[in-house]
Amino acid sequence: MQKNTNRLVLLLLIAAVVIGLALRLVLSYLSINNLPPSSDDSLAQLLAESISNGESLPLLFTGQPYQFPLEAYLMSVFVDFFQHGAFAARIQLIILSAVSLLILCIVVTQVFKEGERWPALLLLLIPSAYWLIHQSGNFVPQYTASALLSALIFLVAVKLNQRNQPMLMLTLFSGMLLGLAISNHLLVVSVVVGAVAIILFVGDIRLFLSRSIVITIGLVIGLIPYLLAIFTIEGAYDAISDRTNFQLTGRLYHLVIKYALPGALGVYPPFYPDYPAHINWGIPLRSPFALGFVALLIFCVSLSLAKFVKSLKINRWPSLQSIDMFIITTIISLVLMAMNQTIQATDHRYVLPAVWSFPFLIGYVYSVNFRLLRSMVVICTGLILALNIVTSLTIIKEWRQPAKIQKHADIPDLTAMTSWMEEQNINYCYATFWLAYKFTYETNKAITCGPIYNERFNGWPVPYKHEVDKQTNVAFVLSDTPGSKFPFYKFEQYMRYYKIEYQRMDFGDYFVYFDFNYELAKGEQLLSSEQLNVTSNLSNIDLALLTDADTEEPIRPSSNQAVGQFIELELPQPQYVQRVDLVHALSDRHPAAAVTIWGKKDNVWIKLSNQVEFEVDRLRFDNHHPIFGEFSQSIRFNPAWISGIRIELTAAQDAKTWALSEVRVGIQTNH
């Protein structure tokens, strides 16, 4: 009987290997052939090229204030061997995902005894459709590296948990992995806490102390990229520090366990993570699945807690088992998602550590030698595998149709647009984040495209934008598709409001705007800030900050705003001046309530504008095109032949300093 059972398990595992490999190969093939590189793919490759060419050694993933770009460093080794395209962008990550899977399978063999491993192995080999896409179809920056590092952490932590010797070198290595994983993505904090717990709480107090010291040293070494970013880059990691909106039922259960987690575990998954289009069935399964998961987690916690208490009574020292790492990881992963008030139920990726741990929880229940319980696990595992296969095939069917998956993912083929732009000699453009870097990567910088502004982290610098700002023949590529946070109709509203004329070329759901005309700016150009001599009656400020082209570093006067404060700009020679720009840092918005502009003519100050109340402009018009992404105000007046400008504060905000970051002067060359 036992021999027949073993033979059946072996056949099941062989079938799972074949099915799992087939699903991954098919999805990888469809990803490379039917889905062009995403903006994420493109930016990672551009960053890898920059590293390979020795142009930069970044501490943060470009365009955002967190994540050490480990993937870009890994891909930089081979980036020069591939031509730009989907294959080059994804093949290395597909291989890394395969390595992660292999390591997790090895971890299963270390955690469970022979004969108890097969449920966990089956669920790893045939994963949820959502995780399958991440392994073979779509690669969010740093998540593939996070999965690889987490798998390594699981393996090393289990090895250390099963030994009562210090094993100091392996402990040091585990600490380095933990620190590097945190530097790579804070998503893995749950994995780190779970691993540290089972590494330290085993054996006795002496083992705890020796490992604590060594793992701390390793952790600091692994955290070097994170620490360097914190201490050398202002604002690094600040944008993700607000995680305070925790509600046990409102977010933890209803948002995370009932909606986000089922999607990540294959119940009603999206066709492309984490976009709106989902498979058209499965919603009724979410609630029973969520309740089943809660029951599973409660059972695992209860069983583990009982063993913990029993061990504590015997050994007089807290001791954890390998499986406790996956329980801790799961709980913390769910709680962290619930605490982050910026996360939506469709952001399934934030519970991926729970997805990686799920097969181990199922395996833990099966390891209990109780016939009825094991029968229930067999039935549940079979149902989950059937669901995973069916949903994966449903998604693969959608991915077989390039037009459909490109629409779901909002990743269009740019060939028609780039060909037309090259015919028009348009080599620079703006686009929403989800399109911008595709242009730069796919054309090998023949068309350089920057984001219109930083849509995700307001005010944080983004690549290529400043380069595009300076050009004169520039286009905007816009849409109203899922990836667009700046829809075309909003752009057109702004153009009407500011009376800016343009031409438009349509490419299906995407529109190219070009050939801009703004009557007020005809013959206008900005005076070079290097030519301005700045003085002020404000105390304790660095006046050079007003002309250094850094819009995120404001002056910081020692006193609050007061009527009569002023800033004066001396021109190198008299000019026809018609505009003054007051720019404020997005992160430190303290404009004056109102100002008056004066001009110096023949050593006499004349009024160029009446009192102007502050009103933020949605854009400025320079170099023959609109420029977005600043918290600024352009003040225009009749051209005046002057040699100096005074910006006088004539109405103050209470208890606020006048935190200007830049002052620009527009001169009229056609007068």
Side-chain angles (χ1 to χ4, degrees), residues 31-32 36-100 134-135 137-152 176-177 179-188 222-230 232-233 236-237 239-240 349 352 411 433-434 436-445 448-451 454 456-457 460-465:
S31 171
I32 290 170
S38 70
S39 212
D40 278 342
D41 294 330
S42 301
L43 188 52
Q45 287 292 294
L46 290 166
L47 194 55
E49 288 179 355
S50 176
I51 295 168
S52 176
N53 296 334
E55 297 171 1
S56 67
L57 294 173
L59 293 171
L60 299 174
F61 193 79
T62 312
Q64 57 192 41
Y66 69 104
Q67 293 186 355
F68 175 63
L70 178 60
E71 287 176 3
Y73 279 95
L74 294 175
M75 292 189 293
S76 68
V77 179
F78 301 103
V79 72
D80 294 332
F81 291 89
F82 303 106
Q83 292 185 344
H84 289 197
F87 180 84
R90 296 178 185 143
I91 185 61
Q92 296 179 69
L93 299 176
I94 290 171
I95 294 170
L96 290 180
S97 293
V99 173
S100 301
H134 276 281
Q135 289 182 310
N138 165 67
F139 302 92
V140 180
Q142 310 312 109
Y143 280 76
T144 305
S146 291
L148 177 61
L149 289 169
S150 295
L152 286 169
M176 293 167 63
L177 282 176
L180 186 58
I182 291 173
S183 298
N184 179 73
H185 202 311
L186 291 177
L187 171 83
V188 299
L223 282 172
I224 286 175
Y226 175 87
L227 297 173
L228 283 175
I230 289 288
T232 63
I233 303 174
Y237 292 90
I240 55 172
R349 64 189 180 277
L352 282 177
I411 301 177
F433 158 80
W434 197 233
Y437 308 123
K438 281 173 57 61
F439 281 96
T440 308
Y441 175 65
E442 291 185 46
T443 65
N444 197 16
K445 298 185 180 179
T448 299
C449 193
N454 195 324
R456 300 179 64 210
F457 303 98
W460 193 263
V462 286
Y464 309 116
K465 181 184 185 306

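Put simply, the side chain of Glu71 never gets that close to the backbone of Pro141: no donor and acceptor are under 3.5 Å apart. Asn184 places no side-chain N or O within donor-acceptor distance of the main-chain N or O of Ala181, the cut-off being under 3.5 Å. When atom types are taken as modelled, the side chain of Ser52 and the backbone of Ala48 share no donor-acceptor pair closer than 3.5 angstrom. For Ser39 (side chain) and Tyr437 (main-chain N/O), a donor-acceptor pair under 3.5 Å exists by modelled atom type. A distance-only check finds a donor-acceptor pair linking the side chain of Ser76 to the backbone of Tyr73 [under 3.5 Å]. Asn454 places no side-chain N or O within donor-acceptor distance of the main-chain N or O of Val462, the cut-off being under 3.5 Å. Using modelled atom types, no side-chain atom of Ser50 and backbone atom of Leu46 make a donor-acceptor pair closer than 3.5 Å.
With values rounded to the nearest 0.5 angstrom, Gln142 atom CD is found 5.0 Å from Gln67 atom CD. Taking CD1 of Ile51 as the reference point, atom CE of Met75 lies at 8.5 Å (rounded to 0.5 Å). Distance check, rounded to the nearest 0.5 Å: CG of Leu43 to OG1 of Thr440 gives 9.0 Å. If you take CG on Leu186 and OH on Tyr237, they are separated by 6.0 Å, rounding to the nearest 0.5 Å.
Counting heavy atoms of neighbouring residues, nucleotides and ligands inside a 6.0 Å radius, atom CD of Gln83 does not exceed 12 of them.
Side-chain contact check for Leu228 versus Phe68: every heavy-atom pair is 4.5 Å or farther apart. Using a 4.5 Å heavy-atom cutoff, the side chains of Ile411 and Asp41 are not in contact. Counting only heavy atoms from C-beta outward, the side chains of Tyr464 and Lys445 approach each other to under 4.5 Å.
In plain terms, the two heavy atoms of Pro451 and Pro463 that are nearest each other are CD-O, 3.5 Å. Contact detail for Tyr441 and His84: the closest heavy-atom pair is O-ND1, 2.5 Å. Smallest separation of non-hydrogen atoms from Arg90 and Pro37: NH2-CA, 3.6 Å. When all heavy atoms are compared, the tightest approach of Ile230 to Ala236 is CD1-O, 3.6 Å. Pairing each heavy atom of Gln92 with each of Val79, the nearest pair is NE2-N, 4.5 Å. For Ala147 against Ser100, the heavy-atom pair with the smallest separation is C-OG, 3.8 Å.
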